[in-house]
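The sequence lines fix the lettering, A, B, ..., with proteins before strands; numbering per chain opens at 1.
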There are 2 protein chains.
Amino acid sequence: MLTADGSAEGARVTKRPTIADIAQRAGLSKGAVSYALNGQPGVSESTRRRVLELATEMGWRPNSAARALSGARTGTLGLVLPRPATLLGVEPFFMKLIAGIENALAARSTALLLQVAPDHDAEAAAYRRWWAERRVDGIFLVDLRVEDGRIRVVEELGLPAVVIGGPGHHGRLPSVWTDDAAAMVMVVEYLAALGHRHIARVAGLPGLLHTELRGRAFGDVAATLGLEWSGTVTTDYSADQGAQATRRLLSASPAPQSSGPTPRAATRPTAILYDNDVMAVAGTSVAHEMGVDVPGDLSIMAWDDSVLCEIIHPPLTALSRDIMAYGAHAAERLLELLDGNAVTDFQDDMPRLVIRGSTARPRSP
Amino acid sequence: MLTADGSAEGARVTKRPTIADIAQRAGLSKGAVSYALNGQPGVSESTRRRVLELATEMGWRPNSAARALSGARTGTLGLVLPRPATLLGVEPFFMKLIAGIENALAARSTALLLQVAPDHDAEAAAYRRWWAERRVDGIFLVDLRVEDGRIRVVEELGLPAVVIGGPGHHGRLPSVWTDDAAAMVMVVEYLAALGHRHIARVAGLPGLLHTELRGRAFGDVAATLGLEWSGTVTTDYSADQGAQATRRLLSASPAPQSSGPTPRAATRPTAILYDNDVMAVAGTSVAHEMGVDVPGDLSIMAWDDSVLCEIIHPPLTALSRDIMAYGAHAAERLLELLDGNAVTDFQDDMPRLVIRGSTARPRSP
DNA sequence: CTGAAAGCGCTTACAG
DNA sequence: CTGAAAGCGCTTACAG
């Protein structure tokens with residue numbers, strides 16, 4: 001039997017000190033205390049020191065509501081997770097991103113407000129509400145699309161924001177991005193160097209910008225390298241669709257020894273690149289079931305590394321990014337923006353190729 | 001080149017309406033408007049309707065800071081993730097929990113504040129800060145320990161809280177819990193019914209309450225059923241330690257045909273139960289590497305189901321809980337508590353046994 | 001049923 | 001360098 005103030009059992013909750021209390025103890029006005037506390041000019045060094053000591057001693061902390069109301073910041077940034085709730089928890093990506101953002105924010109005692117939104121409408125509604133209620137100072141925008149209505153909404157609201165993704169398609173909002181096209185070239189060149197001439201790609205959601213950028217780069221590099229066959233299947237990132245795509249790809253007959261022109265759909269790839277770790281793992285399982293040896297008959301690669309890739313057998317070759325750092329970089333830039341500084345786009349590090357046991361020379365190229 | 005208010009390019013951000021604006025348009029006092037908006041008695045139905053229509057038309061939303069400052073709620077609940085940032089993103093548990101909490105909160109337009117804290121000290125500091133700054137109305141407390149200093153901190157602060165975990169060891173705070181002991185009995189009885197007489201457990205962090213409760217139940221049911229051998233290895237939930245524990249367990253020689261008393265450490269289990277999905281998957285990989293057939297030579301089970309369990313080969317038999325519902329139940333109770341209602345402990349559904357391909361009769365029991 | 005007023009705890013011009 | 005005062009946008013007793 002507890003009531004909300006926790007006082008049911010007689011717990012005495014001491015009133016939290018305010019600047020008025022500090023002012024009284026210090027024999028100053030509230031204004032002077034405020035200046036001292038905020039490092040503003042207008043008080044002597046000795047006064048400032050005394051006020052800061054008193055504040056610490058009395059356990060004073062700024063009331064965030066009062067601060068926000070008097071025009072300063074709310075000290076809160078917002079992040080909407082653009083996934084139906086049921087799909088979250090599958091990909092480690094978002095949790096790592098959150099951890100990275102958090103890390104960068106902690107030093108500035110800024111909080112992170114989180115919301116799960118199943119679609120873009122719900123997401124736009126969240127931004128409108130947050131901004132109207134003055135709940136956040138700014139937001140992070142993830143999962144950039146080729147045609148992305150959110151950009152306009154955020155710009156119209158005047159809501160400070162940093163886009164995580166790109167390059168391009170993010171209006172006048174600054175973005176933090178990685179060069180997915182260059183990474184794709186690196187991956188396909190690696191597979192081609194091993195001798196693969198038939199490479200498939202199991203891609204994520206079609207509308208997403210990075211899906212498109214990777215897709216274009218995949219087509220280009222396949223052409224440049226003169227691969228005999230390349231093909232893409234799009235999915236929703238789920239393990240199910242990853243498995244299904246794999247089954248379809250592996251059901252095709254292997255390439256004939258004479259490498260003449262064959263119908264695209266009827267050629268079986270010797271290597272598959274997946275757009276996330278979950279699908280790559282699911283694909284590996286499907287290969288096992290179908291008696292397709294990895295990496296003997298099929299090389300498998302995952303875009304975005306995680307423990308998942310390490311713990312299965314064989315461990316998966318993957319494209320590894322420091323996602324925590326990615327989130328931290330975005331957070332630093334949003335804080336800069338809120339400080340009134342100009343923020344330009346920032347290109348994060350290239351993903352690294354982590355070679356493990358799931359890729360090898362094809363048995364029959 | 002953008003400044004924080006987004007106005008650099010001349011974007012006109014219209015001033016958000018306040019209750020004063022509504023009062024003026026309606027020819028009422030601010031007080032009357034406030035009563036109308038909040039469903040308080042003191043205004044006629046027709047006035048209330050007119051005010052609500054005006055508010056909608058003008059796009060009014062309550063300024064959360066003003067509301068919080070004048071003594072009402074902040075409309076924000078807090079959750080600290082008690083893991084070093086690098087370990088997050090591995091277990092789907094927290095993301096699902098967050099999604100569940102979010103779902104329940106959305107209907108009440110309550111926000112969720114998130115922080116990552118590497119240890120209990122950092123966590124306690126977060127609670128103190130949040131409460132001192134009046135950032136949250138209440139918090140969720142997860143990863144309950146047998147000796148848990150956080151309980152006292154939260155009680156002393158008078159910070160409304162709901163504990164996710166139990167039963168017991170949560171002081172006077174209400175808790176939402178599942179019966180891990182009963183679930184453990186169910187699991188071991190299932191394995192024993194298959195014919196397993198040598199069962200090992202790869203447990204999570206030693207100090208956690210549910211680790212201890214499961215451990216005690218494991219010992220009890222092993223004794224009750226008269227298993228020939230049972231043993232536990234504790235870990236930190238990581239894939240690495242799960243793999244290592246598995247290697248150690250499988251390195252022991254199989255039980256001799258004569259079932260006389262054998263030294264405990266030297267007996268190889270025919271079934272292993274893991275405290276999370278990640279370790280179960282890692283363990284399955286180790287078995288493959290060591291040429292131990294799953295489920296022929298070794299049955300494997302995971303506590304807490306996830307896609308991970310479904311996508312590997314063989315798919316893992318698991319103990320499945322609806323973690324989103326778990327989070328939602330906790331959120332509902334915290335909201336109740338904040339409404340001033342008495343909240344009692346709530347026992348959530350028993351986990352379900354989901355039987356897949358990783359468990360079978362032992363080849364040599 | 002309605003209005004006028006005080007107050008929440010800060011910040012920030014404005015005087016001295 | 002310091003003090004007195006207004007104001008942010010709400011809520012809530014207190015009079016009428």
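- In terms of the side-chain contact (heavy atoms from CB on, under 4.5 Å) criterion, residue partners of B/Ala126 (sequence neighbours excluded) are, by chain and number, B/Val80, B/Gln115.
- Residues passing the salt bridge (charged side-chain N to carboxylate O under 4.0 Å, His left out) test with A/Asp348: none are found, sequence neighbours excluded.
- At a cut-off of 3.5 Å, with distance as the only test, no side-chain donor of B/Arg333 or B/Asn341 sits close to an acceptor on the other residue.
- Sorted by first then second residue, the side chain to side chain donor-acceptor pair (under 3.5 Å) pairs that include residues 68-78 of chain B, not counting sequence neighbours, are A/Arg135-B/Thr76, B/Arg73-B/Asp339, B/Thr74-B/Asp137.
- Partners of A/His120 under the ring-ring contact (aromatic ring centres under 6.0 Å, His included) rule, at least two apart in sequence or in another chain, do not exist in this structure.
- If B/Ala65 and B/Ala32 are placed on DNA chain D by their nearest nucleotide, the residue sitting closer to the 5' end is B/Ala65.
- Nucleic acid contact class of A/Ser34 (heavy atoms, under 4.0 Å, all strands): base.
- Each of A/Gln40 and A/Leu69 has a nearest nucleotide on DNA chain C; the 5'-most of these lies closest to A/Leu69.
- For DNA chain C, the span of nucleotides reached by chain A at under 4.0 Å from its heavy atoms goes, 5' to 3', from C/dG9 to C/dA13.
- Crowding of A/Gln24 atom CD: a count of heavy atoms from other residues, nucleotides or ligands under 6.0 Å not exceeding 12.
- Between A/His329 and A/Ile101 the shortest side-chain heavy-atom distance does not fall below 4.5 Å.
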Give the dot-bracket line for DNA chain D from 5' end to 3' end: parentheses for intra-strand Watson-Crick or G-U pairs under 3.5 Å, square brackets for crossings, | for inter-strand pairing, dots for unpaired. |||.||||||||.|||
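- Counting any heavy atom pair closer than 4.0 Å across all strands shown, A/Arg61 reaches sugar-phosphate atoms only and no base atom.
- The backbone N or O of B/Leu54 lies less than 3.5 Å from no partner atom in the side chain of B/Thr56, so there is not a single donor-acceptor pair.
- Within the 4.0 angstrom heavy-atom criterion, only backbone atoms of the sugar-phosphate kind lie near A/Ser44; the bases stay farther away.
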